[in-house]
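The structure appears below as structure tokens.
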Amino acid sequence: MSDQTLLVRNATLLATMDAQRREIAGGSVFIRGPRIEAVGPAHELPQTADEVIDAADHVVFPGLVNTHHHMYQTLTRVLRPAQDNELFGWLSALYPVWAGLTPEMIRVSTQIAMAELLLSGCTTSSDHLYIYPNGCRLDDSIEAAEEIGMRFHAARGAMSVGRSQGGLPPDSVVEDEAAILRDTQRLIERWHDPAPLAMRRIVVAPCSPFSVSRDLMRESAAMARHFGVHLHTHLAENDFDIAYTREKFGCTPAEYAEQLGWLGADVWHAHCVKLDEAGIRMFAATGTGVSHCPGSNMRLASGIAPIRAMRDAGVPVSLAVDGSASNDSGHMLGEARLALLLQRVAHGPVKGPAAMTAREVLEIATLGGARVLGRSDIGALSPGRAADLAMVRLDQIGLAGAGHDPLAALFFCHVPQVSHSVVNGRVLVRDGQLTTVELPRLIERQRRLAGALAA
């Protein structure tokens with residue numbers, strides 16, 4: 001492994017998110033290979049390295065962690081038939097479109113989504129791919145991620161219960177359950193890396209209560225625990241989701257998860273907008289995680305997730321952009337801003353117990369994501385952790401006048417793009433430009449493919 005060194009030097013503010021939550025004026029990070037070697041005031045660290053990045057007039061913070069996405073949906077942003085629907089109507093409008101996906105579309109849309117994330121401060125992302133028409137495979141996403149260089153948790157999603165069996169998706173886009181399990185095992189054995197600093201992990205991820213059977217949920221949980229990988233699905237997203245679970249299974253979503261072995265520190269659920277008090281207690285007692293997706297929940301009118309209650313109860317909460325046809329953005333700093341403001345709208349006074357602060361939302365977006373993904377090697381800038389960080393310039397018009405608290409400015413002021421992103425010690429964004437893919441060419445390919453898919 002390379003011992004190449006990188007010094008990010010003399011930041012206006014270095015937000016470490018370490019155990020002491022240090023915020024260091026004039027701070028530096030010294031990196032050797034993929035790991036952080038030292039963090040502290042600039043004068044205490046080495047002054048030279050193989051590469052030096054001047055962080056003067058910047059905020060430096062740990063790379064953000066996105067725990068729920070559907071990257072292929074960057075191809076179907078704002079399609080008119082789905083613009084004004086709630087979740088079930090939105091899905092019903094888009095399933096027939098997604099049936100036209102090709103392997104090339106999966107690869108290109110994955111890189112578009114990852115480029116958007118990297119330019120918005122995100123260095124680790126999960127992606128939930130649950131539809132596989134026309135020869136598409138999760139391998140297409142994984143190979144695209146390796147090319148662009150993002151740390152990736154690839155979730156092998158699945159749908160097996162079509163409309164003829166009482167599910168929501170058309171029969172044409174569901175898979176045989178035995179084939180799903182065989183392919184999931186193949187992916188784990190081919191791609192999963194359990195080692196510290198791993199760039200690639202596999203997640204077992206049947207899609208939702210309204211698109212898979214209870215048997216598949218149980219067998220998926222057993223497989224994941226046999227191989228030591230994590231579990232992920234959608235849960236309690238909106239009122240229709242709750243009604244479906246009660247009608248079909250005679251229980252609440254949290255009870256559904258409990259009955260099928262889907263609670264525990266190796267499980268996280270997307271949305272949980274309608275998780276009730278009993279469900280919150282179950283999640284807290286078992287260490288079951290949540291992906292909070294405020295933009296998507298607003299876009300689809302699903303509601304406001306009870307994040308304050310979850311956090312107070314001890315539920316592990318992370319942040320996610322969700323699919324880029326239900327958001328329709330993949331900007332992690334923008335998502336963090338929505339999370340901050342939405343909890344204030346929902347729960348009242350800033351100084352009361354319902355408050356959410358800028359520093360709390362940064363914790364959710366970094367350490368919260370690391371915990372939900374089962375990782376102690378990302379989420380903070382401290383020696384021994386992965387060298388994942390992002391930088392934002394402070395000399396932008398939208399931040400002018402906010403110099404007295406530049407960290408809070410990232411979430412209260414205009415939503416910025418980053419000047420630099422570093423993943424595993426490798427500079428993937430330098431001076432606002434991606435270094436591993438040619439973005440204008442990638443955008444042009446995406447536009448061509450999106451037009452073909454919509455047609």
Side-chain angles (χ1 to χ4, degrees), residues 68-70 72-73 87-88 90-92 94-96 98-99 101 126-133 136-138 154-188 202-227 229-238 240-264 266-272 274-275 279 288-291 322-323 326:
H68 184 67
H69 207 331
H70 307 293
Y72 73 89
Q73 291 180 13
L87 175 64
F88 280 20
W90 174 86
L91 284 168
S92 296
L94 287 171
Y95 282 139
W98 296 335
L101 288 167
S126 179
D127 183 49
H128 192 187
L129 180 60
Y130 56 80
I131 188 167
Y132 296 91
C136 293
R137 302 188 305 163
L138 189 60
R156 205 304 181 182
M159 297 190 295
S160 64
V161 177
R163 286 179 190 160
S164 65
Q165 297 176 289
L168 186 68
D171 289 357
S172 61
V173 296
V174 302
E175 298 177 88
D176 173 74
E177 293 192 350
I180 290 166
L181 292 168
R182 283 195 303 271
D183 190 55
T184 302
Q185 180 171 339
R186 176 191 69 82
L187 288 160
I188 295 169
I202 299 298
V203 179
V204 181
C207 185
S208 64
F210 50 81
S211 61
V212 299
S213 73
R214 291 164 67 91
D215 285 344
L216 183 62
M217 292 293 284
R218 288 192 189 94
E219 292 183 43
S220 295
M223 175 181 288
R225 286 169 179 138
H226 173 76
F227 286 103
V229 302
H230 272 55
L231 290 158
H232 181 54
T233 193
H234 298 85
L235 197 75
E237 186 168 351
N238 75 358
F240 292 99
D241 193 357
I242 300 291
Y244 183 95
T245 304
R246 286 191 176 279
E247 178 184 347
K248 296 292 183 180
F249 310 123
C251 60
T252 69
E255 290 166 343
Y256 169 89
E258 181 183 39
Q259 293 167 11
L260 301 177
W262 276 72
L263 296 179
D266 58 349
V267 184
W268 85 100
H269 297 273
H271 301 291
C272 297
K274 301 297 182 177
L275 198 65
T288 305
V290 169
S291 288
D322 198 14
S326 66

Could you tell me which non-hydrogen atom of Cys207 sits nearest to which non-hydrogen atom of Val212, and how far apart they are? N-CG1, 3.8 Å

CA sep, side-chain torsions, deciding dist, call: Met217, Thr233, side-chain contact (heavy atoms from CB on, under 4.5 Å): CA-CA 10 Å; Met217 292 293 284; Thr233 193; 4.3 Å; yes

Apply side-chain contact (heavy atoms from CB on, under 4.5 Å) to the pair Tyr95 and Met159, showing each step before the final yes or no. CA-CA 11 Å; Tyr95 282 139; Met159 297 190 295; 3.9 Å; yes

Pairwise side-chain contact, Ser291 with His232, heavy-atom cut-off 4.5 Å (strictly under): yes

Would you compute the distance between atom CD1 of Ile188 and atom NE2 of His226 and round it to the nearest 0.5 angstrom? 9.0 Å

Smallest separation among heavy atoms of Val204 and Ser220, with atom names: CG1-CB, 3.6 Å

Measuring from Ile242:CD1 to Leu235:CG, what's the distance to the nearest 0.5 Å? 7.5 Å

Does Thr288 use its side chain to pair, donor to acceptor, with the backbone of Trp268 at less than 3.5 Å? no

Suppose we screen for ring pair (Phe, Tyr, Trp, His ring centres under 6.0 Å). Which residues come up paired with Trp98, at least two apart in sequence or across chains? Tyr72, Trp90

Atom pair CD1 (Ile202) and CD (Gln185), whose distance is rounded to the nearest 0.5 Å: 13.0 Å

If you count every heavy atom of other residues, nucleotides or ligands that lies below 6.0 Å from Arg246 atom CZ, does the total exceed 12? no

In this structure, is the centre-to-centre distance between the rings of Tyr130 and His70 below 6.0 Å? yes

Could you pull out all residues at least two apart from Phe249 that satisfy ring pair (Phe, Tyr, Trp, His ring centres under 6.0 Å)? Tyr256

Determine the minimum heavy-atom distance between Gln73 and Gly323, stating which atoms define it. OE1-CA, 3.3 Å

Residues that Arg137 engages under side-chain contact (heavy atoms from CB on, under 4.5 Å), provided they are two or more places apart: Asp139, Asp140, Arg186

Rounded to the nearest 0.5 angstrom, the CD1-OG1 distance for Ile180 and Thr184 is 7.0 Å

Nearest 0.5 Å, what's the CG-NE2 distance between Asp241 and His271? 9.0 Å

What residues, two or more places apart in sequence or in another chain, satisfy side-chain contact (heavy atoms from CB on, under 4.5 Å) together with Phe240? Glu86, Phe88, Asn238

When every non-hydrogen atom of Val173 is compared with those of Ala99, the smallest separation belongs to CG1-CB, 3.9 Å

Consider only side-chain N and O atoms of Asp322 and His68, and report whether a donor and an acceptor are under 3.5 Å apart. yes

Contact check, side chains of Asp127 and Leu129, non-hydrogen atoms, under 4.5 Å: yes

Exam field: side chain Arg163 to backbone Leu168, donor-acceptor pair closer than 3.5 Å: yes

Test item: His128 side-chain N/O and Ala205 main-chain N/O as donor-acceptor pair under 3.5 Å: yes

Set of side-chain contact (heavy atoms from CB on, under 4.5 Å) partners for Glu219, sequence neighbours left out: Leu181, Asp215

Examine distances only and state if a side-chain atom of His269 and a backbone atom of Ala236 form a donor-acceptor pair shorter than 3.5 Å. no

Do Cys251 and Gln259 make a side-chain contact, defined as non-hydrogen atoms from C-beta onward lying under 4.5 Å apart? yes

Can you list every side chain to side chain donor-acceptor pair (under 3.5 Å) pair that touches residues 164-181, not counting sequence neighbours? Arg156-Glu175, Ser160-Glu177, Ser164-Asp171, Glu177-Ser213

Minimal non-hydrogen separation, Trp262 against Ala221, with atom names: NE1-CB, 3.7 Å

